[in-house]
Amino acid sequence: MRKNKLTAILLCLSLAGIANAQEKSPQVIKSEPQLEDIYNVLEAMDTHIFRFDLKEFLNKTYSVNVYVDEYEKGKSPKQAHSIRLGNNIQSLNVVPEEHRQAFREIKHIPEGKNEWEEIKELAVYLRKSNDSTSVCTINVPGAMRGGVPLKLRPVEKYHSYVYYPRPFKFQTIKEGEEEHFKIPLILYGSAWLDEKYKIIRFCGEKEIDPEMKAEILKDIPHYYIIGIEFKSDKKE
């Protein structure tokens, strides 16, 4: 008898628990921001971040430059900026002897070795400085950082300066061009006015082909191409 009463009590408690769970209203649960949220906030603030791995080019010594070419409809393209980064592989032989030990310690160069890998990665930051100017910052982690201004053009019939980036697709270096070659990295271009619907657009390919045949290029009135140039060090 006592056993039956205990079973009945447990059954009632179980049913009450199920009923309470069913009656409980759904709640919003706070969670921590994710990396995607940080990127979205930066892009909403007209700040864009790109990073590139350059370790595959450490097979030989190259002089490395970052170039910024400007394109505008009806005009010939021109080089807006050229940023010299130096050699991707550096040597203690070009450092004054009295400073070599300090360099060896800073760059973690083991005894018996006189070279170190200076340019292994490259980061590019695009940030709106004011309505008519953006800043392109070039960062070589552990080596150098510098920025150049990019003058913007307003959308036709408007006073809005609306610019977006597009990365380039990558392709292997062609045979015979290993001594000197250029690789486009990012297109940074202006939106345009859609005359039919009277709206500002920036739509098309998400990546630009290196041959510059992307359909979106027919519509962008003004853009910059940020790329990297490698020249073989002839002193090798």
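Just so you know, residue 1 is the first one in the sequence shown, and it goes up from there.
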Taking side-chain hydrogen bond (donor to acceptor under 3.5 Å, both in side chains) as the definition, give me every residue that meets it alongside [X], ordered by chain and number, with sequence neighbours left out.
| X | answer |
| --- | --- |
| Asp194 | Arg201 |
| Asp131 | none |
| Arg84 | none |
| Lys107 | Glu118 |

Ring pair (Phe, Tyr, Trp, His ring centres under 6.0 Å) against Tyr188, all qualifying residues, sequence neighbours excluded: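 Tyr163.
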Can you list the residues that meet the ring pair (Phe, Tyr, Trp, His ring centres under 6.0 Å) rule with Phe57, with sequence neighbours excluded?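 Once residues adjacent in sequence are excluded, the partners of Phe57 under the ring pair (Phe, Tyr, Trp, His ring centres under 6.0 Å) criterion are Phe181, Phe230.
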Okay, side chain of [X], backbone of [Y]: is any donor-acceptor separation there less than 3.5 Å?
| X | Y | value |
| --- | --- | --- |
| Asn88 | Tyr62 | yes |
| Gln34 | Glu32 | yes |
| Glu56 | Leu54 | no |

Do the ring planes of Phe50 and Phe52 sit parallel (below 30°), tilted (30 to 60°) or perpendicular (above 60°)?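 Because their plane-to-plane angle is under 30°, the rings of Phe50 and Phe52 count as parallel.
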Kindly give the heavy-atom pair with the smallest separation between Asn139 and Tyr125, and that separation in Å. ND2-OH, 3.3 Å
Provide the full list of salt bridge (charged side-chain N to carboxylate O under 4.0 Å, His left out) pairs with a residue in residues 150-175, sequence neighbours left out, each pair given once.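 Pairs touching residues 150-175 that pass the test: Glu70-Arg153, Glu72-Arg153, Lys157-Glu195.
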With [X] via side-chain contact (heavy atoms from CB on, under 4.5 Å) - residues at least two apart:
| X | result |
| --- | --- |
| Asp46 | Lys128 |
| Lys113 | Ile109, Pro110 |
| Pro149 | His81, Thr133 |

Would you mind listing every ring-ring contact (aromatic ring centres under 6.0 Å, His included) that reaches into residues 26-49, with sequence neighbours excluded?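 Qualifying pairs, neighbours excluded: none.
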With Glu215, which residues qualify under salt bridge (charged side-chain N to carboxylate O under 4.0 Å, His left out), at least two apart?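 Salt bridge (charged side-chain N to carboxylate O under 4.0 Å, His left out) list for Glu215, sorted by chain: Lys218.
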